[in-house]
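By convention in this document, chain letters (A, B, ...) are assigned in the order of the sequence lines, proteins followed by strands, and residues within each chain are numbered from 1. What's counted below: heavy atoms across the whole structure, side chains too, no hydrogens, waters or symmetry copies.
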Amino acid sequence: MEYKFRDIEKKWQEWWSAQKIYRVMNASTRPKCYVLDMFPYPSGTGLHVGHPLGYIASDIYSRYKRLKGFNVLHPMGFDSFGLPAEQYALDTGQHPAETTKKNIATFKAQLDNIGFCYDWDREIQTSDPSFYKWTQWIFLQLFDSYYDRQKNKAENIALLIEVFQKEGNVRHPIPNLAYRQAGPQFRIPFFRADEWKDFDEKTQQDILMQYRLAYCGYGEVNWCEALGTVLANDEVVNGVSERGGYPVVKKKLRQWYLRITEYADRLLEGLGKVDFSEAMKEMQTNWIGKSSGAEINFQVKPPLTPPKGEDTTPKYQTAHLSLYSITKMLSEEKRKNPTPEELIMWQLLLANKTGFHIRRQHIIGTYIVDFACLDKLTTIEIDGGYHNTPETLFYDKERTAFLKANGFTELRFTNEEVKEDAGIVVKKIIEFLSKLPSISRISESSKVSPLGGDLEGAPMLKVYTTRPDTIFGVDFMVISPEHELVEIITTAEQKASVEEYIAHVKSRSERERMAEKKITGVFTGAYALNPFNGREIPIWISEYVLAGYGTGAIMGVPCGDERDHKFAKHFNIPITNIIGTWYNGEEANPTKEAILENSDFINGLVMKDAMEIVISKMEELGIGVRKVNYKMRDAAFSRQRYWGEPFPIKWINGIAYPLDEMELPLELPHVEKYTPGPDGEGPLANIPEWIHKGVKIAKQSESSEVSPLGATEQSEGWERSSLEGAWALETNTMPGYAGSSWYFLRYMDPHNDKAFCDRNISDYWNQVDLYIGGTEHAVGHLLYSRMWTKFLYDMDLISFDEPYKKLVNQGMITGKSYFIKAIGFLGYKIAGDIGSDPNAKTWYIVSNEMKEENLDFLNPKILYSTSWIRLKYGHQYVNSDGKLSKQNFEKYLRERPDEYLSVNHSSFLIKWDNRDGEEYIFIREEVEKMSKSKFNVENPDDIVSKYGADTFRMYEMFLGPVEMSKPWDTKGIEGVHRFLKKFWRLFADETKGLIVIDEQPTPEELKVLHQAIKKIESDTERFSFNTAVSAFMIATNELSDLKCHKRSILEPLLILLAPYAPHIAEELYYQLQKPPQTPPKEGLRHTQSQLDEESISKENFKLAESSKVLPFGEDLGGASILNASYPKLEEKYLIETTKEYPISINGKLRTTLNISLDAEQSEVEKIVLENEVVKKWLAGNPPKKLIYVKDKMINVVI
RNA sequence: CCGGAUGUGGUGAAAUUGGUAGACACGUCAGACUUAGGAUCUGAUGCCGUAAGGUAUGGGGGUUCGAGUCCCUCCAUCCGGACCA
């Protein structure tokens, strides 16, 4: 009886599949366990040996848990939307649906070949309408929700509309204050209830868009005009497209976003309750990038230009020039529609009745105040009740801060006070104003700023800093080239160079800009004023400041920040030292411990203590506010592509309307061409039906009719009537991570057409207990799916708010690539006679280490160049020491004539090295990511057919820890294969067949078994699969030495092995059970269905009744090892009485001694000091000390 | 540039808590069986040295009776950085 792995594996794979033995029930009395692999993208190149690493690990764990009595969900499916399929379609004209289908078939065949225990009945594919129907459905929920900051959870947007109707948005400020859409309403981000009601629908919808968790905005993309398409960051190299090398620029396009920033804090907190590696948590934490500091307003010293559009120059110019026309419009509007209280007040304050000149709805900066007495630098506000709630503080604070910074005092009264007795209010105002001096008496000019600047047109530069303590060390400001102020503040002299610089920056990707080492930048000509001392600070623009981060502006503190320091040195900006000796003039010192100098009111303080003081002072003076900042930005959720989920959104008159739930799924139409649409739109924009009329109604009666979009309509008893009308469907599609953000839920209930997942079922399966995948998903997929889970939780659609309880990151398997050294010469030709054609090139292939000058076999030549040529598939021909023999090279030329040194070197001479008659060259070996494009991939199918799936599984595990990346090398696989053969020989002999006997085991044999149980169980539990495999080897070696063939030892060992090598285990288990040899032991077997019905208690396990029949007729007894139960560790077999102690002298091992484990210090000292080796080292002297650690070691100190 | 990870024999690695560095394999060498060996079995194998012994976990420094493990510092390699998934 030989180990015929091919037959065995085929037989059991078929049987398992025919028995549906991996079917998983959604109800069981057994504890549940959900094991998931990261969603694979079915690429056209199929799996390589690196991919299954994690799948094998999770499969082992799942099988192990099943043996341990768990109901295990371990599904597999495909993330089948994505760019590569579309790119392939562009290149070859094949429809992505077709290629995807093909690819999935390949993947499944490859996966099945390895013997995974997937329940394929639960397979899902993101590109399947029955799946993406629910992706669209969840999108609609996101679209229909906003984040309520008071409740700290998502809520339906209908609630927000109610609030707006009652009180406007004061308690619910627009989440992203920096965001401004065109139109005057958004210049001032607050409105009252009456204003809300007066907004037209477009305005209302635009405002709501600012709150939706899935919203539409504008974002920059890499735009390639020549290709007419948007490119991924990695498709852009050095500012040109990777394909074709065409120029790429930044372009603003309409985009969908997910408001993930609202979840930033909860995503951060959630990390506390999940079992992810510290590295992973750190990466996510850094990505979210929460920091606290201050947002500081710097006034820009403006070029004095009078406002335009006003016939007379007003005496007091207080409006922000850049937005003046807009704010003016708004203020006029407000004047026309005063609240009753404002009206009362105005009548009392009007026309100098008070003796002071009071204006109403006056613009100061970008703010509109209710009333203002400019002569006294006083503003008067009549607040609705909600102004007293703390929630509005931040807006008010900002406004107050601004007004304060510009010398204004704010008087506030409530509506109630006015209603009660407006006279008293007016009296108070008069009293207050009387005490103040008039500014006309302070100053002749109209300047009203306390700093002496002019409010007229004076823009503020907002800067976020985590180091407010360095405020007096600010020597320059840098704003991003995209910053809105650039245009306003650049002086005429600097205009040309600024524009030139911006053009340069536009061509560069964000990554390039951050990675750039060269210091670039240009001075705008403008100066900001330090709010504390009025010092003038030059404002620069530079690419290293990105518009999307913080406020898009930084304050440069060269003595404390390395990058700022280099910038200052490079542009010769004088450096202010605020940290004395901590700064050496050569290098910035980012310390927080230094004692401040040259820092006005914080001199002498330690920096970290000064931070708080500066922030308080700034808030007091209204210069700035304390602020928490996040690096994370809202997630771009649309792609200008074809092969993705269509958005269930229709546009009518510029307003986005959701499709009705009944209209889902909105199927992806069939297209003939995948070329991009006009103006950077996706391919869907090329379909007239899509953008003009939408889907034609398919009546029930004509349900089989194919709509103009190619999708076959299902007749579900509803009509798509609302889809009629003059409107357009959204032409963007969703990105790859849409489906993968929630797919783990769908596996629980994959065929449900009433809901994305039945609530009872998701309550049962709950979180994923073990999630295995690569670190490359650390921040993308993992954060998004965590956010979606929190959202679904907020909506009370699921009962948990973290998707993955434990995450294990598998390492990469890297491949080895080989490079041949070729030296080229000019002037020689090798065809036929060696001539002297001066333009010909001759290439010599030489050993790795060969130097040009050592090529003595040539006459002196003109060196042309040296190049390294990739030897494609070199790993199949090169020895592990990098030696390529002439024989193998010839084989290579025969087998792969087309691949032959693919570079355009027409001809070669090879300079073989020679030893022992063998000709060879050494070639360079490099470890690279395993990838088709690097021609170093290894297909698992090849390994499986050569050694079997069990060997492959165990070898991948044996390579090293799952988390670690390691190079693939087939050499070691022999050892694992040998082990399986040796294991087989414990059970069966080539000639005698099964040799298992029923004899009492010896203590020695029991010890081997129980050591194995202990080691393998704990190793499996902690995902240390490589050491578990070696434990199997040790046990097998020891049992072979003991010549043990006893059933009571081997059968438990077999169950231990089953998760790792399921085929051989099932076969041997079957052989063991097979009558007539010995009847199987009572209690070891049970069936899945019994387990689901019965209690988990082991006593209830019964022998399977039903005989299951193999497809090929053989009776297999129905007792699969899959349903066995895991052997139990008996510590009593492991007890030791003595130990071979290592004896060290001064920490160095000199000998070992066998000493009883319960020996005391004194006994040990006696034994050790009598030892010859120890005596020799002591040389007659007494030891200084003797350290004895029980069960560990003994150290003699001399 | 920012962030993360990893450095141990010729190779993959082990050492779970500061306690015998290199388990288990590959490879190599020697031997047995054999018509044969890409089967199987036995032995050796970090490096230097005949040996005693010395030396060794990327480099340097520190803490400790004792450091691969803890601390400081430097170096190298790999991975990720928002439209590849």
Side chain to side chain donor-acceptor pair (under 3.5 Å) against A:Glu645, all qualifying residues, sequence neighbours excluded: none

Whole-angstrom distance between B:C41 and B:G58, as gauged at atom C1': 40 Å

Spacing of the C1' atoms in B:A14 and B:U69 (rounded, Å): 14 Å

5' priority, RNA chain B, between A:Lys1185 and A:Ala1031 [closest heavy atom]: A:Ala1031

Phosphate OP1/OP2 of B:G54 contacted by A:Arg1150 side-chain N/O (<4.0 Å): yes

Integer-rounded Å distance: B:U11 C1' and A:Phe958 CZ: 12 Å

B/S/- contact track for nucleotides 68-73 of chain B, protein heavy atom under 4.0 Å: ------

Whole angstrom value for the distance that separates P of B:A25 from CE of A:Met957: 18 Å

A:Thr1027 versus A:Asp1019, side-chain donor and acceptor atoms under 3.5 Å: yes

Sugar-phosphate only, base, or nothing, as touched by A:Gly82 at under 4.0 Å among non-hydrogen atoms: sugar-phosphate

Pairwise P distance, B:U6 and B:G53 [rounded to whole Å]: 38 Å

d(CZ, A:Phe979; P, B:A13) in whole Å: 20 Å

Length of the CZ-C1' vector between A:Arg633 and B:C2, whole Å: 13 Å

Side-chain donor-acceptor pair present, A:Glu974, A:Tyr947, cut-off under 3.5 Å: yes

Sugar-phosphate only, base, or nothing, as touched by A:Glu963 at under 4.0 Å among non-hydrogen atoms: nothing

Sugar-phosphate only, base, or nothing, as touched by A:Val221 at under 4.0 Å among non-hydrogen atoms: base

Separation of atom NZ in A:Lys971 from atom P in B:A13, rounded to whole Å: 15 Å

Which nucleotide in B:A13, B:A82, B:G3 has an atom nearest any side-chain atom of A:Asn286: B:G3

B:G49 and B:G3, which share atom name P, separated by this distance in whole Å: 47 Å

Per-nucleotide protein contact string for nucleotides 75-80 of chain B (B base, S sugar-phosphate only, - none; heavy atom under 4.0 Å): ----SS

Duplex segments of RNA chain B, taken as runs of at least three Watson-Crick or G-U pairs that stay under 3.5 Å: B:1-7 with B:75-81, B:10-12 with B:24-26, B:27-32 with B:40-45, B:46-48 with B:53-55, B:58-62 with B:70-74

base_contact_polar (B:C83 base, A:Gln255 side chain, donor-acceptor, <3.5 Å): yes

Spacing of A:Ile260 atom CD1 and A:Arg633 atom CZ [to the nearest 0.5 Å]: 12.5 Å

Sugar-phosphate only, base, or nothing, as touched by A:Leu1186 at under 4.0 Å among non-hydrogen atoms: nothing

Passing option when A:Pro1183 is tested against A:Val1197, A:Asn1195, A:Leu1169 for side chain to side chain contact (heavy atoms under 4.5 Å, CB included): A:Leu1169

N/O contacts under 3.5 Å, protein versus nucleotides 39-46 of chain B?
{"unit_1": "B:U40", "atom_1": "O3'", "unit_2": "A:Arg985", "atom_2": "NH2", "d": "3.3"}
{"unit_1": "B:C41", "atom_1": "OP1", "unit_2": "A:Arg985", "atom_2": "NH2", "d": "3.0"}

C1' gap between B:G68 and B:U50, integer Å: 32 Å

Can you name the atoms? Protein N/O to nucleotides 14-21 of chain B N/O, anything below 3.5 Å, with the distance.
{"unit_1": "B:A14", "atom_1": "OP1", "unit_2": "A:Asn1026", "atom_2": "ND2", "d": "2.8"}
{"unit_1": "B:U16", "atom_1": "O4", "unit_2": "A:Lys1015", "atom_2": "NZ", "d": "3.2"}

Nucleotide of B:A85, B:C24, B:A82 approaching A:His777 most closely (side-chain heavy atoms): B:A85

Atom pair distance, as rounded to whole Å: CD in A:Glu1165 and P in B:C65: 17 Å

Protein-nucleotide distance (A:Trp287, atom CH2; B:G3, atom C1'), rounded to Å: 10 Å

Pair A:His977 and A:Phe5, ring centroids less than 6.0 Å apart: yes

Sugar-phosphate only, base, or nothing, as touched by A:Glu2 at under 4.0 Å among non-hydrogen atoms: nothing

Output field: ring centroids A:Tyr544/A:Phe567 closer than 6.0 Å: yes

Pairwise P distance, B:G10 and B:U45 [rounded to whole Å]: 16 Å

Sugar-phosphate only, base, or nothing, as touched by A:Pro84 at under 4.0 Å among non-hydrogen atoms: sugar-phosphate

A:Lys1176 side-chain N/O to B:G53 phosphate OP1/OP2 under 4.0 Å: yes

Check against ring-ring contact (aromatic ring centres under 6.0 Å, His included), A:Phe983 and A:Phe1032: CA-CA 9 Å; A:Phe983 185 84; A:Phe1032 280 118; 7.4 Å; no

Syn/anti state for B:G62 [syn: chi within 90° of 0]: anti

Atom pair distance, as rounded to whole Å: CG in A:Asp969 and P in B:C26: 13 Å

